[in-house]
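So the structure is just underneath, and the comments pick up after that.
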Amino acid sequence: MVDTTDAVRVLETSHPPVYYVPMTGVELRPAQGSSMCEFKGRARYFDVLGGDGVVAPRAAWNYPTPEPGYEDLRDRIAIYPSAVDSCEVGGEVVQAQEGDFYGGWITSRVVGPFKGGPGTLGW
């Protein structure tokens, strides 16, 4: 469980915000694979380890050497809300972004349409 007021919210065109939280206090295990963001740099992935041996595979990612302008993300992780039991912002349960590629967190204060679902790749 992560409970913090020290999150960085990243907004990108056509999708809901992604929240990056401090890596400290989250039990992580390196996972296979990486990806590349043209803005933030190369991402690495982690399994999130929960209580009672629960593992959420590739549920989190971070940018260990982020591009200029994104240095605040270096020691933070983002979590796919669809990969864990629950994510909340200000006490409101988050809806996972369709398609899950971007890992966006949708609340009642965030209005779409959003990239991610079928037919949205070419926006």
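In this text, all values refer to a predicted model and were calculated from it rather than measured experimentally. As a basis for the values below, the full set of heavy atoms in this structure was taken, side chains included, without hydrogen atoms, waters or symmetry mates.
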Whichever hydrophobic residues join Val55 through chains of side-chain contacts under 4.5 Å: Leu49
Set of residues satisfying side chain to side chain contact (heavy atoms under 4.5 Å, CB included) with respect to Pro66, sequence neighbours excluded: Tyr63, Tyr70, Arg74
Qualifying salt bridge (Lys or Arg N to Asp or Glu O under 4.0 Å) pairs, either residue in residues 50-64, two or more places apart: none
Least distance between heavy atoms, Pro17 atom then Arg9 atom: CB-CG, 3.5 Å
Side chain to side chain, Trp105 and Pro16, heavy atoms closer than 4.5 Å: no
Set of residues satisfying ring-ring contact (aromatic ring centres under 6.0 Å, His included) with respect to Phe46, sequence neighbours excluded: none
Please set out all donor-acceptor pairs under 3.5 angstrom arising from side-chain atoms of residues 20-29, sequence neighbours excluded.
unit_1: Tyr20; atom_1: OH; unit_2: Trp61; atom_2: NE1; d: 3.4
unit_1: Arg29; atom_1: NE; unit_2: Asp47; atom_2: OD2; d: 3.1
unit_1: Arg29; atom_1: NH2; unit_2: Asp47; atom_2: OD2; d: 3.0

Gap separating the CG atom of Leu73 from the CG atom of Asp75, nearest 0.5 angstrom: 10.0 Å
Just distance, no hydrogens or angles: give the donor-acceptor pairs under 3.5 Å from side chains in residues 35-44, sequence neighbours left out.
unit_1: Ser35; atom_1: OG; unit_2: Tyr45; atom_2: OH; d: 2.6
unit_1: Lys40; atom_1: NZ; unit_2: Glu12; atom_2: OE2; d: 2.3
unit_1: Arg42; atom_1: NH1; unit_2: Ser34; atom_2: OG; d: 3.2
unit_1: Arg44; atom_1: NE; unit_2: Asn62; atom_2: OD1; d: 2.6

Listed partners of Asp85 passing side chain to side chain donor-acceptor pair (under 3.5 Å), at least two apart: none
Worked verdict on Tyr102 versus His15 for ring pair (Phe, Tyr, Trp, His ring centres under 6.0 Å): CA-CA 7 Å; Tyr102 299 101; His15 54 93; 4.2 Å; yes
Verdict with reasoning, Glu98 to Ile106, per side-chain contact (heavy atoms from CB on, under 4.5 Å): CA-CA 10 Å; Glu98 186 179 9; Ile106 301 172; over 6 Å; no
Show every donor-acceptor pair shorter than 3.5 Å between a side-chain atom in residues 86-96 and any protein atom, with sequence neighbours excluded, or say none if there are none.
unit_1: Glu92; atom_1: OE1; unit_2: Ser108; atom_2: OG; d: 3.1
unit_1: Glu92; atom_1: OE2; unit_2: Ser108; atom_2: N; d: 2.7
unit_1: Glu92; atom_1: OE2; unit_2: Ser108; atom_2: OG; d: 3.3

